[in-house]
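Report on the following structure.
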2 protein chains.
Amino acid sequence: MTRRTYGQHCGLARALEIVGERWALLIVRDLLVGPKRFTDLRNGLARIPTNVLSARLKELEHAEVVRRRVLPRPAGSVVYELTEYGGELEEVVLRLSRWGSRTLGEPGPDDIVTVDSLITAVRSAFHPEAAGGPDVSYELRAGEIVIHVIVGGGRLDVAQGALPGAGLVIETDSPAQALPAVGTGFAEAVAGGGVRLTGDPALLRRFAEIFHH
Amino acid sequence: MTRRTYGQHCGLARALEIVGERWALLIVRDLLVGPKRFTDLRNGLARIPTNVLSARLKELEHAEVVRRRVLPRPAGSVVYELTEYGGELEEVVLRLSRWGSRTLGEPGPDDIVTVDSLITAVRSAFHPEAAGGPDVSYELRAGEIVIHVIVGGGRLDVAQGALPGAGLVIETDSPAQALPAVGTGFAEAVAGGGVRLTGDPALLRRFAEIFHH
DNA sequence: CTGGATCCCTCACGATACTG
DNA sequence: CAGTATCGTGAGGGATCCAG
(Lines give C-alpha, C1' and ligand atoms only; values in the text may rest on other atoms or scores of the structure.)
Protein backbone atom coordinates (compact mmCIF):
# COMPACT_ATOMS: atom_id res chain seq x y z
CA MET A 1 0.00 0.00 0.00
CA THR A 2 1.91 3.00 -1.25
CA ARG A 3 0.54 6.13 0.33
CA ARG A 4 -0.72 8.58 -2.20
CA THR A 5 0.62 11.96 -1.23
CA TYR A 6 0.50 15.51 -2.53
CA GLY A 7 4.15 16.26 -1.95
CA GLN A 8 3.33 19.24 0.22
CA HIS A 9 4.18 19.79 3.85
CA CYS A 10 0.83 21.37 4.62
CA GLY A 11 -1.97 20.81 7.09
CA LEU A 12 -4.64 20.74 4.44
CA ALA A 13 -2.70 18.32 2.26
CA ARG A 14 -2.19 16.10 5.28
CA ALA A 15 -5.90 16.21 6.09
CA LEU A 16 -6.78 15.30 2.52
CA GLU A 17 -4.37 12.41 2.58
CA ILE A 18 -6.29 11.07 5.58
CA VAL A 19 -9.93 11.84 4.80
CA GLY A 20 -9.74 13.06 1.20
CA GLU A 21 -9.95 9.66 -0.42
CA ARG A 22 -13.19 8.66 -1.97
CA TRP A 23 -15.92 7.60 0.52
CA ALA A 24 -13.82 8.50 3.58
CA LEU A 25 -15.84 11.49 4.74
CA LEU A 26 -19.10 9.67 4.15
CA ILE A 27 -17.87 6.95 6.47
CA VAL A 28 -17.02 9.64 9.01
CA ARG A 29 -20.49 11.14 8.52
CA ASP A 30 -22.15 7.88 9.47
CA LEU A 31 -19.83 7.26 12.39
CA LEU A 32 -20.52 10.75 13.72
CA VAL A 33 -24.07 9.58 14.31
CA GLY A 34 -22.82 6.61 16.30
CA PRO A 35 -20.60 3.50 16.29
CA LYS A 36 -21.46 1.00 13.60
CA ARG A 37 -20.68 -2.49 12.44
CA PHE A 38 -19.17 -3.22 9.06
CA THR A 39 -22.54 -4.24 7.69
CA ASP A 40 -24.27 -1.16 9.03
CA LEU A 41 -21.77 1.01 7.21
CA ARG A 42 -22.19 -1.07 4.10
CA ASN A 43 -25.94 -0.57 4.20
CA GLY A 44 -25.64 3.15 4.84
CA LEU A 45 -23.26 3.54 1.91
CA ALA A 46 -25.10 1.31 -0.50
CA ARG A 47 -22.80 1.77 -3.47
CA ILE A 48 -19.47 1.31 -1.74
CA PRO A 49 -17.56 -1.83 -2.76
CA THR A 50 -16.70 -3.89 0.28
CA ASN A 51 -13.00 -3.86 -0.49
CA VAL A 52 -13.02 -0.07 -0.57
CA LEU A 53 -14.90 0.07 2.72
CA SER A 54 -12.43 -2.37 4.18
CA ALA A 55 -9.46 -0.39 2.89
CA ARG A 56 -10.84 2.94 4.13
CA LEU A 57 -11.49 1.58 7.59
CA LYS A 58 -7.93 0.29 7.79
CA GLU A 59 -6.52 3.61 6.64
CA LEU A 60 -8.71 5.60 9.01
CA GLU A 61 -7.77 3.25 11.82
CA HIS A 62 -4.10 3.69 11.01
CA ALA A 63 -4.52 7.47 11.07
CA GLU A 64 -6.26 7.16 14.44
CA VAL A 65 -9.46 8.64 13.15
CA VAL A 66 -11.40 5.41 13.65
CA ARG A 67 -11.08 2.75 16.32
CA ARG A 68 -12.02 -0.90 15.79
CA ARG A 69 -13.55 -2.30 18.92
CA VAL A 70 -14.70 -5.81 19.75
CA LEU A 71 -17.83 -5.70 21.83
CA PRO A 72 -17.79 -7.63 25.11
CA ARG A 73 -19.57 -10.94 25.31
CA PRO A 74 -22.15 -12.07 24.54
CA ALA A 75 -22.33 -9.81 21.50
CA GLY A 76 -18.76 -10.44 20.48
CA SER A 77 -19.22 -8.45 17.31
CA VAL A 78 -17.03 -5.71 15.96
CA VAL A 79 -17.90 -2.05 15.83
CA TYR A 80 -16.12 0.92 14.34
CA GLU A 81 -16.24 4.23 16.15
CA LEU A 82 -14.57 7.59 15.86
CA THR A 83 -11.66 8.46 18.07
CA GLU A 84 -11.59 11.87 19.68
CA TYR A 85 -9.42 13.07 16.80
CA GLY A 86 -11.93 11.72 14.33
CA GLY A 87 -14.79 13.32 16.20
CA GLU A 88 -13.19 16.70 15.68
CA LEU A 89 -14.19 16.41 12.04
CA GLU A 90 -17.78 17.11 13.03
CA GLU A 91 -17.66 20.82 12.26
CA VAL A 92 -16.03 20.18 8.89
CA VAL A 93 -18.60 17.56 7.94
CA LEU A 94 -21.53 19.73 9.00
CA ARG A 95 -20.21 22.78 7.16
CA LEU A 96 -19.52 20.79 4.02
CA SER A 97 -22.96 19.27 4.30
CA ARG A 98 -24.59 22.68 4.54
CA TRP A 99 -22.45 24.04 1.72
CA GLY A 100 -23.38 21.19 -0.59
CA SER A 101 -27.05 21.23 0.39
CA ARG A 102 -27.46 24.63 -1.16
CA THR A 103 -26.79 23.31 -4.66
CA LEU A 104 -28.42 19.96 -4.17
CA GLY A 105 -30.74 19.60 -7.12
CA GLU A 106 -33.44 17.07 -7.73
CA PRO A 107 -32.62 13.55 -6.59
CA GLY A 108 -31.56 11.20 -9.35
CA PRO A 109 -33.66 8.11 -9.95
CA ASP A 110 -31.21 5.92 -8.06
CA ASP A 111 -30.27 8.39 -5.34
CA ILE A 112 -31.06 7.22 -1.87
CA VAL A 113 -31.51 9.02 1.43
CA THR A 114 -30.31 7.25 4.53
CA VAL A 115 -31.12 7.76 8.18
CA ASP A 116 -27.65 9.06 8.89
CA SER A 117 -27.66 11.50 6.01
CA LEU A 118 -30.99 12.91 7.17
CA ILE A 119 -29.74 13.24 10.73
CA THR A 120 -26.64 14.98 9.40
CA ALA A 121 -28.77 17.31 7.29
CA VAL A 122 -30.79 18.34 10.34
CA ARG A 123 -27.66 18.90 12.39
CA SER A 124 -26.06 20.95 9.64
CA ALA A 125 -29.13 23.17 9.40
CA PHE A 126 -29.14 23.89 13.13
CA HIS A 127 -28.71 27.49 14.26
CA PRO A 128 -27.81 27.53 17.96
CA GLU A 129 -28.35 31.25 18.29
CA ALA A 130 -32.03 30.71 17.45
CA ALA A 131 -32.41 27.75 19.79
CA GLY A 132 -33.03 29.62 23.02
CA GLY A 133 -36.43 29.79 24.62
CA PRO A 134 -38.60 26.88 25.69
CA ASP A 135 -37.65 23.34 24.76
CA VAL A 136 -39.26 21.83 21.72
CA SER A 137 -39.33 18.37 20.19
CA TYR A 138 -40.24 16.98 16.81
CA GLU A 139 -40.70 13.66 15.15
CA LEU A 140 -39.79 13.49 11.46
CA ARG A 141 -41.32 10.70 9.44
CA ALA A 142 -39.89 10.61 5.94
CA GLY A 143 -41.03 7.51 4.15
CA GLU A 144 -39.48 4.57 5.96
CA ILE A 145 -37.15 6.81 7.94
CA VAL A 146 -38.17 8.05 11.36
CA ILE A 147 -36.01 10.36 13.44
CA HIS A 148 -36.62 12.68 16.33
CA VAL A 149 -35.29 16.12 17.10
CA ILE A 150 -35.04 17.60 20.55
CA VAL A 151 -33.98 21.18 21.17
CA GLY A 152 -33.40 21.82 24.83
CA GLY A 153 -31.31 24.35 26.70
CA GLY A 154 -30.03 25.73 23.42
CA ARG A 155 -28.59 22.34 22.51
CA LEU A 156 -29.62 19.86 19.85
CA ASP A 157 -30.21 16.15 19.98
CA VAL A 158 -31.10 14.25 16.82
CA ALA A 159 -31.40 10.50 16.64
CA GLN A 160 -33.12 7.65 14.91
CA GLY A 161 -36.51 6.44 16.04
CA ALA A 162 -39.88 7.78 17.05
CA LEU A 163 -40.52 10.15 19.93
CA PRO A 164 -43.85 9.58 21.62
CA GLY A 165 -45.03 12.89 22.99
CA ALA A 166 -43.21 14.99 20.46
CA GLY A 167 -44.63 18.48 20.18
CA LEU A 168 -45.07 18.16 16.43
CA VAL A 169 -44.90 15.25 14.02
CA ILE A 170 -43.81 16.21 10.50
CA GLU A 171 -44.42 13.61 7.86
CA THR A 172 -43.45 13.43 4.20
CA ASP A 173 -44.04 10.64 1.72
CA SER A 174 -40.40 10.19 0.83
CA PRO A 175 -37.06 11.04 2.45
CA ALA A 176 -36.09 13.01 -0.65
CA GLN A 177 -38.94 15.42 0.04
CA ALA A 178 -37.79 15.93 3.60
CA LEU A 179 -34.26 16.89 2.67
CA PRO A 180 -34.82 20.23 0.92
CA ALA A 181 -37.60 20.92 3.39
CA VAL A 182 -35.16 20.78 6.29
CA GLY A 183 -33.14 23.45 4.50
CA THR A 184 -36.07 25.82 4.38
CA GLY A 185 -37.45 24.88 7.77
CA PHE A 186 -40.31 23.10 6.00
CA ALA A 187 -41.91 26.48 5.34
CA GLU A 188 -42.15 26.14 1.58
CA ALA A 189 -42.72 22.42 1.71
CA VAL A 190 -45.83 22.74 3.85
CA ALA A 191 -47.15 25.57 1.70
CA GLY A 192 -46.56 23.48 -1.40
CA GLY A 193 -48.33 20.46 0.02
CA GLY A 194 -47.12 16.93 0.49
CA VAL A 195 -46.37 17.40 4.16
CA ARG A 196 -48.65 16.27 6.95
CA LEU A 197 -48.52 17.75 10.45
CA THR A 198 -49.74 16.25 13.68
CA GLY A 199 -49.56 18.21 16.89
CA ASP A 200 -49.08 21.91 17.56
CA PRO A 201 -48.81 23.65 14.16
CA ALA A 202 -47.29 26.72 15.80
CA LEU A 203 -44.15 24.69 16.39
CA LEU A 204 -43.52 24.64 12.67
CA ARG A 205 -42.58 28.31 12.64
CA ARG A 206 -40.18 27.62 15.47
CA PHE A 207 -38.63 24.80 13.45
CA ALA A 208 -38.04 27.14 10.54
CA GLU A 209 -36.28 29.61 12.81
CA ILE A 210 -34.01 27.00 14.32
CA PHE A 211 -33.31 25.00 11.17
CA HIS A 212 -32.48 26.43 7.77
CA HIS A 213 -29.49 26.76 5.48
CA MET B 1 -17.30 13.64 -18.75
CA THR B 2 -19.42 11.23 -16.77
CA ARG B 3 -19.99 12.56 -13.29
CA ARG B 4 -18.78 10.22 -10.62
CA THR B 5 -21.45 10.17 -7.98
CA TYR B 6 -22.10 8.54 -4.64
CA GLY B 7 -25.71 7.67 -5.33
CA GLN B 8 -26.90 9.57 -2.30
CA HIS B 9 -29.18 12.56 -2.17
CA CYS B 10 -27.18 14.27 0.55
CA GLY B 11 -25.51 17.63 1.03
CA LEU B 12 -22.19 16.12 2.03
CA ALA B 13 -22.18 13.73 -0.91
CA ARG B 14 -22.97 16.62 -3.21
CA ALA B 15 -20.14 18.69 -1.71
CA LEU B 16 -17.72 15.82 -2.17
CA GLU B 17 -18.78 15.37 -5.75
CA ILE B 18 -17.78 19.00 -6.32
CA VAL B 19 -14.66 19.47 -4.23
CA GLY B 20 -13.88 15.93 -3.12
CA GLU B 21 -11.88 14.96 -6.18
CA ARG B 22 -8.18 14.79 -5.86
CA TRP B 23 -6.42 18.21 -5.83
CA ALA B 24 -9.68 20.17 -5.84
CA LEU B 25 -9.47 21.58 -2.32
CA LEU B 26 -5.79 22.42 -2.77
CA ILE B 27 -6.76 24.49 -5.79
CA VAL B 28 -9.40 26.19 -3.65
CA ARG B 29 -6.79 26.77 -0.96
CA ASP B 30 -4.57 28.67 -3.35
CA LEU B 31 -7.44 30.63 -4.85
CA LEU B 32 -8.60 31.65 -1.37
CA VAL B 33 -5.36 33.59 -1.12
CA GLY B 34 -6.14 35.39 -4.36
CA PRO B 35 -6.91 35.01 -8.08
CA LYS B 36 -4.27 33.15 -10.04
CA ARG B 37 -3.27 32.26 -13.54
CA PHE B 38 -3.00 28.67 -14.72
CA THR B 39 0.76 28.71 -14.37
CA ASP B 40 0.63 30.21 -10.88
CA LEU B 41 -1.60 27.34 -9.79
CA ARG B 42 0.69 24.88 -11.51
CA ASN B 43 3.68 26.25 -9.61
CA GLY B 44 1.85 26.24 -6.30
CA LEU B 45 0.79 22.63 -6.79
CA ALA B 46 4.07 21.35 -8.12
CA ARG B 47 3.05 17.72 -8.52
CA ILE B 48 -0.28 18.20 -10.24
CA PRO B 49 -0.39 16.99 -13.84
CA THR B 50 -1.49 19.80 -16.10
CA ASN B 51 -4.35 17.81 -17.55
CA VAL B 52 -5.71 17.18 -14.07
CA LEU B 53 -5.42 20.87 -13.22
CA SER B 54 -7.19 21.65 -16.44
CA ALA B 55 -9.95 19.15 -15.73
CA ARG B 56 -10.45 20.34 -12.14
CA LEU B 57 -10.71 23.96 -13.18
CA LYS B 58 -13.36 23.07 -15.73
CA GLU B 59 -15.32 21.04 -13.18
CA LEU B 60 -15.07 23.76 -10.54
CA GLU B 61 -16.10 26.34 -13.09
CA HIS B 62 -19.08 24.22 -14.07
CA ALA B 63 -20.08 23.92 -10.43
CA GLU B 64 -19.77 27.70 -10.09
CA VAL B 65 -17.08 27.45 -7.49
CA VAL B 66 -14.46 29.04 -9.75
CA ARG B 67 -14.81 31.74 -12.37
CA ARG B 68 -12.52 32.07 -15.38
CA ARG B 69 -11.90 35.70 -16.14
CA VAL B 70 -10.00 37.35 -18.97
CA LEU B 71 -8.14 40.38 -17.70
CA PRO B 72 -8.78 43.64 -19.55
CA ARG B 73 -6.22 44.91 -22.02
CA PRO B 74 -3.32 45.23 -22.14
CA ALA B 75 -2.79 42.23 -19.90
CA GLY B 76 -5.21 40.04 -21.79
CA SER B 77 -4.30 37.03 -19.71
CA VAL B 78 -6.62 34.64 -17.95
CA VAL B 79 -7.10 34.33 -14.22
CA TYR B 80 -9.10 31.94 -12.12
CA GLU B 81 -10.87 33.22 -9.06
CA LEU B 82 -13.37 31.93 -6.57
CA THR B 83 -17.02 32.82 -6.90
CA GLU B 84 -18.89 33.83 -3.78
CA TYR B 85 -20.08 30.26 -3.45
CA GLY B 86 -16.50 29.03 -3.72
CA GLY B 87 -15.33 31.58 -1.19
CA GLU B 88 -17.71 30.09 1.34
CA LEU B 89 -15.38 27.11 1.52
CA GLU B 90 -12.92 29.22 3.49
CA GLU B 91 -14.04 27.99 6.90
CA VAL B 92 -13.94 24.38 5.76
CA VAL B 93 -10.46 24.75 4.31
CA LEU B 94 -9.12 26.49 7.41
CA ARG B 95 -10.64 23.93 9.75
CA LEU B 96 -9.34 21.02 7.71
CA SER B 97 -5.95 22.71 7.60
CA ARG B 98 -5.85 23.06 11.37
CA TRP B 99 -7.12 19.52 11.86
CA GLY B 100 -4.44 18.07 9.61
CA SER B 101 -1.68 20.27 11.01
CA ARG B 102 -1.95 18.56 14.34
CA THR B 103 -0.73 15.24 12.93
CA LEU B 104 1.66 16.72 10.42
CA GLY B 105 4.89 14.84 11.00
CA GLU B 106 8.33 15.57 9.72
CA PRO B 107 8.45 16.78 6.14
CA GLY B 108 9.43 14.16 3.62
CA PRO B 109 12.55 14.73 1.55
CA ASP B 110 10.51 15.88 -1.44
CA ASP B 111 7.81 17.76 0.44
CA ILE B 112 7.59 21.40 -0.40
CA VAL B 113 6.09 24.39 1.38
CA THR B 114 4.52 27.06 -0.77
CA VAL B 115 3.64 30.65 -0.05
CA ASP B 116 -0.06 29.92 -0.16
CA SER B 117 0.18 26.95 2.14
CA LEU B 118 2.09 29.02 4.69
CA ILE B 119 -0.44 31.84 4.45
CA THR B 120 -3.21 29.29 4.92
CA ALA B 121 -1.42 27.79 7.91
CA VAL B 122 -1.19 31.20 9.59
CA ARG B 123 -4.84 31.92 8.89
CA SER B 124 -5.90 28.55 10.23
CA ALA B 125 -3.97 29.14 13.46
CA PHE B 126 -5.60 32.51 14.05
CA HIS B 127 -7.66 32.97 17.22
CA PRO B 128 -9.84 36.06 16.83
CA GLU B 129 -10.81 36.11 20.49
CA ALA B 130 -7.15 36.70 21.37
CA ALA B 131 -6.66 39.35 18.72
CA GLY B 132 -8.01 42.34 20.64
CA GLY B 133 -5.74 45.00 22.04
CA PRO B 134 -3.27 47.13 20.16
CA ASP B 135 -2.50 46.37 16.54
CA VAL B 136 0.58 44.30 15.78
CA SER B 137 2.42 43.35 12.64
CA TYR B 138 4.97 40.71 11.74
CA GLU B 139 7.16 39.75 8.87
CA LEU B 140 7.82 36.03 8.43
CA ARG B 141 10.89 35.05 6.47
CA ALA B 142 11.00 31.30 5.91
CA GLY B 143 13.74 30.45 3.49
CA GLU B 144 12.78 31.96 0.16
CA ILE B 145 9.26 32.69 1.33
CA VAL B 146 8.41 36.05 2.80
CA ILE B 147 4.97 36.91 4.09
CA HIS B 148 3.58 39.53 6.42
CA VAL B 149 0.94 39.34 9.09
CA ILE B 150 -1.10 42.28 10.30
CA VAL B 151 -3.51 42.02 13.22
CA GLY B 152 -5.63 45.15 13.51
CA GLY B 153 -9.02 45.81 15.04
CA GLY B 154 -9.37 42.14 15.90
CA ARG B 155 -9.05 41.21 12.23
CA LEU B 156 -6.29 39.40 10.38
CA ASP B 157 -4.51 40.21 7.15
CA VAL B 158 -1.90 37.84 5.79
CA ALA B 159 -0.25 38.25 2.43
CA GLN B 160 2.88 37.61 0.47
CA GLY B 161 5.80 40.00 0.60
CA ALA B 162 7.85 41.96 3.09
CA LEU B 163 6.47 44.54 5.47
CA PRO B 164 8.90 47.38 6.17
CA GLY B 165 8.22 48.66 9.64
CA ALA B 166 6.85 45.39 10.95
CA GLY B 167 6.95 45.19 14.73
CA LEU B 168 8.84 41.94 14.64
CA VAL B 169 10.64 39.99 11.96
CA ILE B 170 10.67 36.22 12.49
CA GLU B 171 13.11 34.32 10.36
CA THR B 172 13.71 30.60 9.89
CA ASP B 173 16.13 28.88 7.58
CA SER B 174 13.51 26.81 5.80
CA PRO B 175 9.75 27.02 5.32
CA ALA B 176 9.38 23.56 6.84
CA GLN B 177 10.70 24.91 10.12
CA ALA B 178 8.20 27.72 10.10
CA LEU B 179 5.18 25.50 9.69
CA PRO B 180 5.14 23.66 13.02
CA ALA B 181 6.34 26.84 14.65
CA VAL B 182 3.21 28.68 13.56
CA GLY B 183 1.21 25.98 15.30
CA THR B 184 2.93 26.62 18.61
CA GLY B 185 3.17 30.37 18.18
CA PHE B 186 6.91 29.95 17.66
CA ALA B 187 7.32 29.48 21.39
CA GLU B 188 9.07 26.12 21.25
CA ALA B 189 10.83 26.91 18.01
CA VAL B 190 12.58 29.94 19.44
CA ALA B 191 13.54 28.07 22.58
CA GLY B 192 14.91 25.24 20.46
CA GLY B 193 16.97 27.57 18.31
CA GLY B 194 17.00 28.01 14.57
CA VAL B 195 14.81 31.09 14.67
CA ARG B 196 16.12 34.64 14.44
CA LEU B 197 14.19 37.63 15.68
CA THR B 198 14.55 41.26 14.69
CA GLY B 199 12.50 43.92 16.41
CA ASP B 200 10.53 43.90 19.62
CA PRO B 201 10.95 40.44 21.20
CA ALA B 202 7.95 41.06 23.44
CA LEU B 203 5.76 40.75 20.37
CA LEU B 204 6.61 37.08 20.16
CA ARG B 205 4.51 36.26 23.21
CA ARG B 206 1.66 38.12 21.62
CA PHE B 207 2.08 36.06 18.46
CA ALA B 208 1.84 32.87 20.45
CA GLU B 209 -1.40 34.05 22.04
CA ILE B 210 -2.98 34.96 18.75
CA PHE B 211 -1.69 32.04 16.69
CA HIS B 212 -1.64 28.41 17.75
CA HIS B 213 -3.46 25.17 17.00
C1' DC C 1 -25.73 -14.29 9.05
C1' DT C 2 -21.60 -11.16 9.89
C1' DG C 3 -17.15 -9.61 8.40
C1' DG C 4 -14.64 -9.44 5.39
C1' DA C 5 -11.01 -11.21 1.22
C1' DT C 6 -10.28 -12.04 -3.81
C1' DC C 7 -10.76 -11.39 -8.64
C1' DC C 8 -11.29 -8.83 -12.82
C1' DC C 9 -12.40 -4.87 -15.44
C1' DT C 10 -12.62 0.01 -16.18
C1' DC C 11 -11.46 4.56 -15.81
C1' DA C 12 -9.28 8.41 -13.37
C1' DC C 13 -4.94 9.84 -12.28
C1' DG C 14 0.05 10.61 -13.19
C1' DA C 15 4.02 11.45 -16.30
C1' DT C 16 5.54 13.28 -20.36
C1' DA C 17 5.45 15.27 -24.82
C1' DC C 18 3.65 18.56 -27.67
C1' DT C 19 0.98 22.72 -29.71
C1' DG C 20 -1.41 27.45 -30.41
C1' DC D 1 2.04 31.16 -21.19
C1' DA D 2 -1.88 28.16 -21.34
C1' DG D 3 -3.20 24.58 -22.00
C1' DT D 4 -4.16 19.66 -25.16
C1' DA D 5 -2.73 14.80 -26.52
C1' DT D 6 -1.08 10.41 -25.51
C1' DC D 7 -0.34 6.51 -22.85
C1' DG D 8 0.78 3.46 -18.80
C1' DT D 9 -0.53 2.41 -14.06
C1' DG D 10 -3.13 1.76 -10.09
C1' DA D 11 -7.27 2.83 -7.43
C1' DG D 12 -12.17 2.29 -7.55
C1' DG D 13 -16.40 -0.42 -9.07
C1' DG D 14 -18.85 -4.71 -9.12
C1' DA D 15 -19.38 -9.51 -8.38
C1' DT D 16 -18.17 -13.47 -6.13
C1' DC D 17 -16.20 -16.33 -2.63
C1' DC D 18 -14.84 -17.79 2.06
C1' DA D 19 -14.11 -18.21 7.19
C1' DG D 20 -16.09 -17.85 11.80
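Letters A, B, ... mirror the listed sequences (proteins, then strands); counts begin at 1. Excluded from the calculations below are hydrogen atoms, water molecules and symmetry mates; all remaining heavy atoms, backbone and side chain alike, are included.
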Euclidean distance, atom [atom1] of residue [X] to atom [atom2] of [N] [Å, nearest integer]:
| X | N | atom1 | atom2 | result |
| --- | --- | --- | --- | --- |
| B:Leu45 | C:dG14 | CG | P | 12 Å |
| A:Glu61 | C:dG3 | CD | C1' | 14 Å |
| A:Glu59 | C:dG4 | CD | P | 15 Å |
| B:Gln8 | D:dG13 | CD | P | 12 Å |
| B:Trp23 | C:dC13 | CH2 | C1' | 11 Å |
| A:Lys36 | C:dG4 | NZ | P | 16 Å |
| A:Arg56 | D:dG13 | CZ | P | 8 Å |
| A:Leu53 | D:dA15 | CG | C1' | 16 Å |

> Is A:Glu88 salt-bridged to B:Arg102, cutoff N-O under 4.0 Å?
Replying inline: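 Here A:Glu88 pairs with B:Arg102 in a salt bridge, since their nearest N and O are under 4.0 Å apart.
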>> Any salt bridge linking B:Lys58 with B:Glu61? Criterion: basic side-chain nitrogen under 4.0 Å from a carboxylate oxygen.
In response: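 Result for this pair is no, no salt bridge flagged.
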>> Does A:Arg67 qualify as a cation-pi partner of A:Tyr85, given the criterion of NZ or CZ under 6.0 Å from the six-membered ring centre and within 45 degrees of its axis?
In response: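 No, cation not above the ring by the 6.0 Å, 45° rule.
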>> Less than 6.0 angstrom from the centroid, inside 45 degrees of the normal: does A:Arg123 satisfy that with respect to the ring of A:Phe211?
In response: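 Not flagged: A:Arg123 not positioned over aromatic ring of A:Phe211.
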>> Measuring only between side-chain heavy atoms, which start at C-beta, is B:Val113 closer than 4.5 Å to A:Gln8?
In response: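 A side-chain contact is absent here, since even the closest heavy-atom pair is not under 4.5 Å.
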> Is a side-chain donor-acceptor pair under 3.5 Å present for B:Thr103 with A:Arg14?
Replying inline: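 There is such a pair (donor and acceptor under 3.5 Å, judged by atom type) between the side chains of A:Arg14 and B:Thr103.
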>> Less than 3.5 Å apart, any donor N or O on the side chain of B:Arg141 or B:Thr172 sitting next to an acceptor on the other?
In response: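 Side chains of B:Arg141 and B:Thr172: no pair found under 3.5 Å.
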> Could you give the distance from CD (B:Glu81) to CG (B:Leu31), rounded to the nearest 0.5 Å?
Replying inline: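 It is 9.0 Å, given to the nearest 0.5 Å.
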Give me, pair by pair, the N or O atoms of the protein and of nucleotides 18-20 of chain C that are less than 3.5 Å apart, along with how far apart they are.
none

>> Using heavy-atom distances to pick each residue's nearest nucleotide on DNA chain C, tell me which of B:Glu21 and A:Val79 is more 5'.
In response: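 With A:Val79 and B:Glu21 compared, the 5'-side residue is A:Val79.
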> Sequence neighbours excluded, which residues qualify as ring pair (Phe, Tyr, Trp, His ring centres under 6.0 Å) partners of A:Tyr80?
Replying inline: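 Partners of A:Tyr80 by the ring pair (Phe, Tyr, Trp, His ring centres under 6.0 Å) criterion come out as none, since no residue qualifies.
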>> Can you list everything that forms a side chain to side chain contact (heavy atoms under 4.5 Å, CB included) with B:Ala189? Sequence neighbours excluded, please.
In response: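 So B:Ala189 forms a side chain to side chain contact (heavy atoms under 4.5 Å, CB included) with B:Ala181, B:Phe186, B:Val195.
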>> Does A:Asn51 contact D:dG12 through a side-chain donor or acceptor facing the base, at a distance under 3.5 Å?
In response: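 Looking at the base of D:dG12, it does not pair with any donor or acceptor on the side chain of A:Asn51 (distance under 3.5 Å).
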Give me, pair by pair, the N or O atoms of the protein and of nucleotides 1-3 of chain D that are less than 3.5 Å apart, along with how far apart they are.
unit_1 : atom_1 : unit_2  : atom_2 : d
D:dA2  : OP2    : B:Thr39 : N      : 3.4
D:dA2  : OP2    : B:Thr39 : OG1    : 2.7
D:dG3  : OP1    : B:Arg68 : NH2    : 2.7
D:dG3  : OP2    : B:Tyr80 : OH     : 2.9

> Which nucleotide in the set C:dC13, D:dG12, D:dT6 lies at the smallest distance from any side-chain heavy atom of A:Arg22?
Replying inline: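 Nucleotide nearest to A:Arg22's side chain: D:dG12.
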Return the polar atom pairs (N/O with N/O) between nucleotides 17-20 of chain D and the protein under 3.5 Å, or none.
none

Determine all donor-acceptor pairs shorter than 3.5 Å in which one atom belongs to a side chain in residues 154-163 of chain A; sequence neighbours excluded.
none

